[in-house]
Novice: 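This is the structure I have questions about; it appears just below.
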Amino acid sequence: MARAARILLAKPGLDGHDRGVKVVARALRDAGYEVIYTGLHQTPEMVVAAAIQEDVDAIGLSILSGAHNVLFPRITALLRERGIEDVVVFGGGIIPEDDMPGLAAAGIGRIFNPGTSLEEIVRWVGEHVRPRGVAA
Amino acid sequence: METLSGIPVKAAYTADDLAGLPEAASPGRPGEYPYTRGIHPTMYRGRLWTMRQFAGFGAAEDTNRRFHYLLEHGQTGLSVAFDMPTLMGYDSDHPRALGEVGREGVAVDSLADMEVLFKGIPLDRVTASMTINAPANVLLAMYVAMADRQGIPRDRLGGTTQTDMLKEFIAQKEWIIPPRPSLRLIQDMLAFGTRELPRWNVISISGYHIREAGSTAVQELAFTLADGIAYVEAGMAAGLDVDAFAPRLSFFFDVHNDFFEEIAKFRAARRMWARIMRERFGSKEPRSWWLRTHAQTAGVSLTAQQPMNNIARVALQALAAVLGGTQSLHTNSMDETYALPTEEAVTVALRTQQILAHESGVTATVDPLGGSYFVETLTSQVEEAAWEYIRKIDDLGGMVAAVEAGYPQREIAEASYRFQMQVERGERIIVGVNEFAAAQEPAIPILRIDPEVEPRQVSRTREVRSTRDGARVELCLSALRRAAEGHDDTMEHVLECVKAYATLGEICDVFRGVYGEYREPAVV
């Protein structure tokens, strides 16, 4: 039987608002994924190191402080520098619509806005995240 | 049918419900112990609540402009929002501050920034509330140093530093050092405030963030009062007379959508605190029994979908706060699910308060819902459910031990997940989100922070470091380190550091060095 996909949920930056990421963590776990949560106040370097150490298939980033335009692209750039191309990166939090194209160009697969249902997040992850090395 | 906290609601309430309440639940009269109906006999007839919109963004001069704008439009007190690096005790040029400077509040690195922030504001006439916790001692010292320099007597300074570290560990999660040394620094602040600042609220015991992290109203009430108990114990353990500092403790509550439960929460809070102070701590001074509170409408209840609906939510919540008898109120702006508010949005939010105050008639009589079969019953039910939590926390050895054990954190995470699942299943309707959704969302203007703020702030801080007396800074920081390592009062030393233009980050590094940084166990 194929292993469940492993997902790292991370809170990059300094904001301590972790209600959303914790709810998403539980929902993904209930949906059968293996979920690792980094805890708060992570630097991009810490997030990428954790992703490598845990050998994850996807990284979900949550940020509410407005620092997403700096921190999200830094994380995808660090992944590329380490030669990691096949980890799906998605995000959520308070992200204005105008910032979406820039984040997509930086390699963020999807941004979930406030009010998104857990069902929608779980469905998207189901469609886009596979254990790496396993054909989609 | 049940409230958001899960208290069952009957179709109708009658005199029989009141007859079934314990005698202690009698609402009494406004201005009389246990103050269920309000701490003053005349309430808003004598004085309206303070309209205190929370503001802060960019660099100090940007926020200073917003302060002047709000005061010109009838706001009656200031409330400062600091950015994430400031809240965490980092200077703007710290690597961890990258991308965060001035984004969620204003950046304050040194006394130089503080002086720009309050330029042209009469410190002896306007009260300033500062939402600052882990480095609250540093920001309070900056405020005092600024007033000293302007020749304003310390006893004329009115305002609030939030300083509520226990709720940081429970909910808001902006910390520097672990809980126990955090409380030691708070003891030093309490002693300083008691000695020097008779009009300053040193701690604003804050349920707001507990609620925003997903708690119920009952949990918010219980955990906030339990935090209050811990601070009173800390003050008394520092050798202070309870009635010397308790009158300067203030509170801060959230106001969510469940209208009657919110009103009941404020009424129960006053009654419980009065009893805690008088019966548990033996306080003799009625002013120590008063639960004075600021309230803010629930940011977490606002939706990104159909943002104009938020104006209606805020008006409803603000009305609940006023019927609950708050002393001060912040109304959220409709656009706050996207960014900090624009001037237009914050004006609508402020006008909402003014309409309540001047057009609605709700200020004409005190506690107009007092005696309502439903509201009195619900007040007692909310109170009883909150006492149960407080008893549990006492059994765990008090709030510091409970926080270290992760107890309130887990209770909140549970409640927040339960609520989200109710929304997912359609058992709770959120207008515009899981019902009455629109195919096309309207676009509203949002506030953009100038990307130049960060480099500008970084260079200002570096300039401060290069032009000050470096030797004096070193001496002050060393003296502070020795005080922190021993038992001497740290507050006077922080004040000396600030006056020498030591930065926030440098001062907080002293505490990090002595006490270590707090790291939360990552529990989901």
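Just the heavy atoms: all of them, side chains too, but no hydrogens, waters or symmetry mates, feed the values below. Each chain gets a letter, A, B and so on, in the order its sequence line appears, and its residues count up from 1.
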Novice: Considering non-hydrogen atoms only, spot the tightest contact between Ala134(B) and Leu87(B) and give its length.
Specialist: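 Reported closest heavy-atom pair: CB-O, 3.9 Å.
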
Novice: Does Ser92(B) reach the main-chain N or O of Val458(B) with its side chain, forming a donor-acceptor pair under 3.5 Å?
Specialist: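 The answer is no, because no donor-acceptor pair under 3.5 Å joins these two groups.
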
Novice: Heavy-atom distance under 4.5 Å to chain B: side chain of Leu118(A), backbone, both or neither?
Specialist: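 Answer is both: backbone and side chain atoms of Leu118(A) are under 4.5 Å from chain B.
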
Novice: Heavy-atom cut-off 4.5 Å, strictly under: side chain, backbone, both or neither for Thr303(B) against chain A?
Specialist: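 Interface part for Thr303(B): neither.
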
Novice: When only heavy atoms count and the cut-off is under 4.5 Å, which of residues 92-100 of chain A reach chain B?
Specialist: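 Listed by number, the contacting residues are Ile94(A), Pro96(A), Asp98(A), Asp99(A).
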
Novice: Looking at chain A, which one of Pro451(B), Ala171(B), Gly214(B), Ala213(B) has the largest number of heavy-atom pairs inside 4.5 Å, strictly under?
Specialist: Ala213(B)

Novice: Hey, mind stepping through Asp62(B) and Arg66(B) against salt bridge (charged side-chain N to carboxylate O under 4.0 Å, His left out) and telling me if it holds?
Specialist: CA-CA 7 Å; Asp62(B) 304 308; Arg66(B) 178 66 68 89; over 6 Å; no

Novice: Let me know if Asn113(A) has heavy atoms under 4.5 Å from chain B in its side chain, its backbone, both or neither.
Specialist: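 Neither part.
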
Novice: Could you tell me the separation between the CD atom of Glu424(B) and the OG atom of Ser117(A), rounded to the nearest 0.5 Å?
Specialist: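 Answer for the CD-OG pair, Glu424(B) versus Ser117(A), is 5.0 Å.
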
Novice: Determine, stepwise, if the pair Ile176(B) / Arg512(B) fulfils side-chain contact (heavy atoms from CB on, under 4.5 Å).
Specialist: CA-CA 7 Å; Ile176(B) 299 174; Arg512(B) 285 188 186 96; 3.6 Å; yes

Novice: For Thr503(B) and Asp109(B), test the side chains for any donor-to-acceptor distance below 3.5 angstrom and give the result as yes or no.
Specialist: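 Side chains of Thr503(B) and Asp109(B): no pair found under 3.5 Å.
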
Novice: Need one label for Ile446(B): side chain, backbone, both or neither, based on atoms under 4.5 Å from any heavy atom in chain A.
Specialist: side chain

Novice: Report the C-alpha distance between Lys173(B) and Asp18(A) in whole Å, list the side-chain angles of each, state the deciding distance to 0.1 Å, and finish with yes or no for salt bridge (charged side-chain N to carboxylate O under 4.0 Å, His left out).
Specialist: CA-CA 9 Å; Lys173(B) 321 273 176 97; Asp18(A) 57 358; 3.0 Å; yes

Novice: Which atoms of Gln42(A) come close to chain B, meaning under 4.5 Å heavy atom to heavy atom: side chain ones, backbone ones, both, or neither?
Specialist: both

Novice: Is the ring pair Phe252(B)/Tyr208(B) parallel, tilted or perpendicular, if the boundaries are 30 and 60 degrees?
Specialist: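 Ring orientation, 0 to 90° scale: parallel.
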
Novice: At a 4.5 Å cut-off on heavy atoms, which part of His41(A) comes close to chain B: side chain, backbone, both, or neither?
Specialist: both

Novice: Do any of residues 304-313 of chain B have a heavy atom less than 4.5 Å from a heavy atom of chain A, and if so, which, in residue order?
Specialist: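 Near chain A, by residue number: Ala304(B), Gln305(B).
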
Novice: Side-chain donor-acceptor pair under 3.5 Å between Asp254(B) and His256(B), yes or no?
Specialist: no

Novice: Flag the one option from Gln420(B), His209(B), Arg96(B) with the top tally of heavy-atom pairs under 4.5 Å to chain A.
Specialist: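 So the answer, after comparing Gln420(B), His209(B), Arg96(B), is Arg96(B).
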
Novice: Which one wins on heavy-atom pair count under 4.5 Å against chain B: Leu71(A), Leu14(A), Val70(A)?
Specialist: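 Greatest number of close heavy-atom pairs with chain B: Leu14(A).
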
Novice: Considering only residues two or more places apart or on different chains, which pairs with a residue in residues 81-95 of chain B satisfy salt bridge (Lys or Arg N to Asp or Glu O under 4.0 Å)?
Specialist: Asp91(B)-Arg465(B), Asp93(B)-Arg462(B), Asp93(B)-Arg465(B)

Novice: Side chain, backbone, both or neither: which part of Glu212(B) has a non-hydrogen atom closer than 4.5 Å to chain A?
Specialist: backbone

Novice: Between the main-chain N or O of Ser333(B) and the side-chain N or O of Glu336(B), is there a donor-acceptor pair closer than 3.5 Å?
Specialist: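 Indeed, once roles are kept as given, a pair shorter than 3.5 Å links the two residues.
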
Novice: Please check if the side chain of His128(A) supplies one atom and the backbone of Trp124(A) the other of a donor-acceptor pair under 3.5 Å.
Specialist: yes

Novice: Check this for me: does any side-chain nitrogen of one of Lys167(B) and Asp227(B) sit under 4.0 Å from a carboxylate oxygen of the other?
Specialist: no

Novice: Against chain A, label Pro85(B) side chain, backbone, both or neither, depending on which of its atoms sit under 4.5 Å from a heavy atom there.
Specialist: both

Novice: Where is the tightest heavy-atom contact between Gly115(A) and Val433(B), given as atom of each residue plus distance?
Specialist: O-CG1, 3.6 Å

Novice: Give a yes or no on whether a salt bridge exists between Arg26(A) and Glu414(B), defined as a side-chain N under 4.0 angstrom from a carboxylate O.
Specialist: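 So Arg26(A) pairs with Glu414(B) through a salt bridge.
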
Novice: Indicate yes or no: at least one non-hydrogen side-chain atom of Thr163(B) is less than 4.5 angstrom from one of Ile132(B).
Specialist: no

Novice: Would you please go through residues 56-65 of chain A and name the residues with a non-hydrogen atom below 4.5 Å from one of chain B, in numerical order?
Specialist: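 Hits under 4.5 Å: Leu64(A), Ser65(A).
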
Novice: Does a side-chain heavy-atom distance below 4.5 Å link Phe72(A) with Val89(A)?
Specialist: no

Novice: Could you look at Arg418(B) and say if it's the side chain, the backbone, both or neither that has a heavy atom under 4.5 Å from chain A?
Specialist: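 Interface part for Arg418(B): neither.
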
Novice: Under a 4.5 Å cut-off applied to non-hydrogen side-chain atoms, are Glu100(B) and His94(B) in contact?
Specialist: no

Novice: Ion pair present between Arg80(A) and Glu85(A), side-chain N to carboxylate O less than 4.0 angstrom?
Specialist: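 Judged by the 4.0 Å cut-off on N to carboxylate O distance, Arg80(A) and Glu85(A) do not form a salt bridge.
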
